> 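This is the structure I want to talk about, given as C-alpha cells.
No experiment lies behind these values; they were computed from the predicted model shown. By convention in this document, chain letters (A, B, ...) are assigned in the order of the sequence lines, proteins followed by strands, and residues within each chain are numbered from 1.
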Protein chains: 2
Amino acid sequence: MIKLLIIDDHPLVIDGIKTMLKDESYLHIEAAAKTAKEALNILEAGIAVDIILLDINLPDMDGLRLCEIIRDMNKTVKILGLTYVNEAGIITQLIKKGANGYLLKNMEREELITAINQVMDGTIYLSKAANEKIIQQLQSLGLPQNNVPVLTRREKEILQLLSEGLTSQEIAGRLFLSSYTVDTHRKNMLQKFNVHNTQSLMNVVRELGIIA
Amino acid sequence: MIKLLIIDDHPLVIDGIKTMLKDESYLHIEAAAKTAKEALNILEAGIAVDIILLDINLPDMDGLRLCEIIRDMNKTVKILGLTYVNEAGIITQLIKKGANGYLLKNMEREELITAINQVMDGTIYLSKAANEKIIQQLQSLGLPQNNVPVLTRREKEILQLLSEGLTSQEIAGRLFLSSYTVDTHRKNMLQKFNVHNTQSLMNVVRELGIIA
DNA sequence: GAATAAATACCTAAAATCTGGTAGGCTGCA
DNA sequence: TGCAGCCTACCAGATTTTAGGTATTTATTC
C-alpha cells in the first residue's frame with residue numbers, strides 16, 4: 001500500500017487525481033492540502049506518507065521553497081512536482097531542491113501511475129513532454145545545453161525590477177547604487193544571454209524560468 | 001436532465017469535473033473533448049448538449065475564437081468559460097464572444113454547481129474571485145473602470161512584435177512601414193496606458209489580457 | 001457629404017539604452 | 001596566499017526610445 005499526499009490549491013486537480021487513481025487499489029490518498037501551511041501541518045502531525053504530489057504554484061508559498069522544507073524534514077519521502085507550464089529553469093531547480101520527479105498537469109492517467117511507480121522504485125521521473133520542450137527551448141535560444149547562463153544574486157534583483165518596468169535610474173535609487181552600476185549589470189546580462197534589448201532579455205529569462 | 005460537454009485538454013480537469021458532479025443526478029456529462037477540433041466534431045455530429053464548459057487555453061485553437069464559432073453554430077447552448085488566470089481582458093472578451101459566464105479553475109465544487117444552475121436559468125455567472133481581481137487590477141493601473149483603452153489592429157500588431165523583442169526599425173522592416181510610423185504607434189500606446197517605457201506597457205497589456 | 005477614427009509619415013530634442021572599455025575592493029575557496 | 005567571481009563605479013560614443021508636435025490619406029459611419 002502506497003500512501004499519497006496531494007498538495008494543490010485547485011479542488012479540481014485533487015478530485016481529478018482521486019478519480020485517476022481510484023482503480024489502483026494499492027494507491028491510497030492519505031490526505032490533501034490546499035496550501036503550504038496545511039501541508040506542513042499534516043506532515044508535522046506525523047501522518048506518514050510515501051509520496052507527495054506537489055503543485056508548484058501555491059497561493060501562500062513558492063512550491064520550490066516548500067519542496068526544500070519538506071526535504072529537510074524528511075529525507076525518504078518521494079516528492080513529485082506538478083506544474084502547468086514546463087519551464088527549463090523551474091524543473092531543474094525542482095530536482096535540485098530534492099524532488100524525485102515532475103509531471104505536467106496535462107498528463108494522462110497512465111503517465112501519472114507510471115510516474116508514481118517509477119519514483120517509488122527510486123528512480124527520478126521526468127515528464128517526457130516537458131523534457132522535449134526543455135531541449136527545444138535551449139536550442140531555440142541558441143544556448144549550449146548544460147550551459148545555461150547563471151545569474152548572480154544582484155543580477156536577478158535588477159532583473160526583477162526591470163521586469164516591473166523601472167529604468168536604470170529608478171533601480172539605482174531603489175538599491176542605493178550608482179546608475180552606472182545598474183547599467184553594468186544590465187550589460188552583463190544582455191551579454192550572458194546574447195540578446196540586444198531588455199524585452200528580449202525578459203523573454204529569455206521567462207522561458208528559462210529564471211523569473212516569474 | 002442537463003447535458004454537459006467539457007472541452008479541456010487536461011484529463012485531470014475532465015476527471016475532476018466528473019467527480020465534482022457525480023452526486024448531482026440531474027447533471028449528465030454527455031461528452032468531453034481535448035481539442036477544439038474534437039469539440040467541433042462532437043457538436044457537428046448533432047449531439048445535443050445544454051451547457052458547454054470551455055477551457056480558454058486549448059492546444060489547437062484560441063478558446064475565445066472557439067467560443068465565437070460555437071455561438072455562431074448554436075444560439076441557445078450555454079457556454080461557461082474556464083480559465084486558470086483571471087485577466088480582465090480575457091474575461092470581458094469572453095462575454096463579448098457570447099459566453100454566459102466564466103469560472104476560475106481553482107473553484108470549489110459548490111461554485112461549479114452554482115454557476116451551472118445560474119447559467120441554465122439564463123443569467124450570466126461571473127466568478128466572484130475573478131471579479132474582485134478585475135476591479136483591483138483596473139484600480140492599480142490607475143485606469144477608470146469601464147474605460148480600458150482600446151488598441152487598434154495595427155497597434156496590437158506592433159505590440160506583438162515588440163513583445164518578441166524587436167526594435168522599431170526591425171518592426172518597420174517587417175511590416176513595410178517607416179520607422180517613424182512605428183514610433184508613432186508606440187508613442188500612442190504609451191499615452192493610452194499612461195506608461196513611460198516598453199516594459200511597463202507590456203506589463204499593463206498582459207494584465208489586461210490584450211496580448212498573450 | 002461631413003465627421004471621425006485609423007494609419008501613415010515627418011521633425012526635433014531630451015532621455016535612456018546599448019556597447020566596449022577599465023578598474024578597485026571584497027569574499028570565498030582551493 | 002592567491003585566484004576567481006562578484007559587486008561596484010566610471011567614461012564615451014552610438015543607437016534607440018520617449019515625448020512633443022504637425023499633417024496627409026484612407027476608410028467608416030452618421
> Report all interatomic pairs (protein N or O, nucleotide N or O of nucleotides 3-7 of chain C) with separations under 3.5 Å.
from, atom 1, to, atom 2, distance (Å)
C:dA7, OP1, B:Arg154, N, 3.1
C:dA7, OP2, B:Thr152, OG1, 2.2

> Answer whether the closest heavy-atom distance between the side chains of B:Met189 and B:Leu151 falls below 4.5 Å.
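A side-chain contact exists here, since the closest heavy-atom pair is under 4.5 Å.
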
> Want to settle it: does A:Thr184 or B:Thr184 sit nearer the 5' end of DNA chain C, counting the closest nucleotide to each?
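Whichever sits nearer the 5' end wins; that is B:Thr184.
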
> Please tell me if the side chains of B:Ile14 and B:Ile29 come closer than 4.5 Å, counting only heavy atoms from C-beta onward.
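B:Ile14 does not reach B:Ile29 side chain to side chain.
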
> Please check if any side-chain donor atom of B:Ser200 sits under 3.5 Å from a side-chain acceptor atom of B:Asn197, or the reverse.
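There is such a pair between these side chains.
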
> Is there a side-chain contact between B:Leu82 and B:Ile17, using heavy atoms and a 4.5 Å cut-off?
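When only atoms from C-beta onward are counted, B:Ile17 and B:Leu82 do touch, with a gap below 4.5 Å.
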
> Run the salt bridge (Lys or Arg N to Asp or Glu O under 4.0 Å) test against A:Glu170 and tell me which residues pass, sequence neighbours left out.
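With neighbours one apart ignored, the set is empty.
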
> For nucleotides 26-28 of chain C, which of its nitrogen or oxygen atoms have a protein nitrogen or oxygen under 3.5 Å away, and what is each distance?
none

> Listed by chain and number, what are the salt bridge (Lys or Arg N to Asp or Glu O under 4.0 Å) partners of A:Glu164, not counting sequence neighbours?
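Expected list: none.
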
> Does A:Asn100 use its side chain to pair, donor to acceptor, with the backbone of A:Ile79 at less than 3.5 Å?
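Pair found, side chain donor or acceptor close to backbone of A:Ile79.
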
> Below 3.5 Å between N/O atoms, which protein atoms pair up with nucleotides 16-20 of chain C? Just atom names and distances, please.
from, atom 1, to, atom 2, distance (Å)
C:dA16, OP2, A:Gln169, NE2, 2.9
C:dT17, OP1, A:Arg186, NH1, 3.0
C:dT17, OP2, A:Ser168, N, 3.3
C:dT17, OP2, A:Ser168, OG, 3.2
C:dC18, OP1, A:Thr198, N, 2.9
C:dC18, OP1, A:Thr198, OG1, 3.2
C:dC18, OP2, A:Arg186, NH2, 3.0
C:dC18, OP2, A:Thr198, OG1, 3.3
C:dT19, OP1, A:His196, ND1, 2.6
C:dG20, N7, A:Lys187, NZ, 3.1
C:dG20, O6, A:Lys187, NZ, 3.0

> Nucleotide range of DNA chain D contacted by chain B, 5' to 3', under 4.0 Å to a heavy atom?
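Result: D:dT16 to D:dG21.
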
> Determine, step by step, whether A:Lys34 and B:Glu108 satisfy the salt bridge (Lys or Arg N to Asp or Glu O under 4.0 Å) criterion, reporting the C-alpha distance in whole Å, the side-chain angles of both residues, the deciding distance to 0.1 Å, and the verdict.
CA-CA 11 Å; A:Lys34 273 190 230 167; B:Glu108 299 284 340; 2.9 Å; yes

> Mind checking side chain to side chain contact (heavy atoms under 4.5 Å, CB included) for A:Arg65 and listing every partner two or more places apart, or none if nothing turns up?
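For A:Arg65, the residues satisfying side chain to side chain contact (heavy atoms under 4.5 Å, CB included) (neighbours in sequence not counted) are A:Met61, A:Asp62, A:Glu68, A:Ile69.
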
> Flag the pair B:Val13 / A:His10 as yes when at least one side-chain heavy-atom distance between them is below 4.5 Å, and no otherwise.
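Sidechains of A:His10 and B:Val13: no contact.
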
> Examine C:dT8: is either OP1 or OP2 under 4.0 Å from a nitrogen or oxygen in the side chain of B:Tyr180? Give yes or no.
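For B:Tyr180, the contact criterion (side-chain N or O under 4.0 Å from OP1 or OP2 of C:dT8) is not met.
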
> Of all residues at least two apart in sequence or in a different chain, which pass the side chain to side chain contact (heavy atoms under 4.5 Å, CB included) check with B:Ser163?
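Counting only residues at least two positions away or on another chain, B:Ser163 forms a side chain to side chain contact (heavy atoms under 4.5 Å, CB included) with B:Gln160, B:Met202, B:Arg206, B:Ile211.
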
> In residues 177-185 of chain A, what donor-acceptor pairs under 3.5 Å come from side-chain atoms, sequence neighbours left out?
from, atom 1, to, atom 2, distance (Å)
A:Ser178, OG, A:Tyr180, N, 3.0
A:Asp183, OD1, A:Ser168, OG, 2.8
A:Thr184, OG1, A:Tyr180, O, 3.0

> Listed by chain and number, what are the side chain to side chain donor-acceptor pair (under 3.5 Å) partners of A:Glu38, not counting sequence neighbours?
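With sequence neighbours excluded, A:Glu38 shows a side chain to side chain donor-acceptor pair (under 3.5 Å) to no residue whatsoever.
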
> Please round to 10 degrees the angle between the axis of the first five pairs and the axis of the last five pairs in the helix from C:dG1-D:dC30 to C:dA30-D:dT1.
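Inter-axis angle at the ends, rounded: 50°.
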
> Side chains of residues 43-55 of chain B: which donor-acceptor pairs under 3.5 Å do they make with residues two or more places apart or in other chains?
from, atom 1, to, atom 2, distance (Å)
B:Asp50, OD2, B:Lys3, N, 2.6
B:Asp55, OD1, B:Asn57, N, 3.3
B:Asp55, OD1, B:Lys105, NZ, 3.1

> Test your reading of the model: is there a side-chain donor-acceptor pair from A:Asn117 to the backbone of A:Ile113, 3.5 Å cut-off?
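Yes; judged by distance alone, with no hydrogens or angles, the pair exists.
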
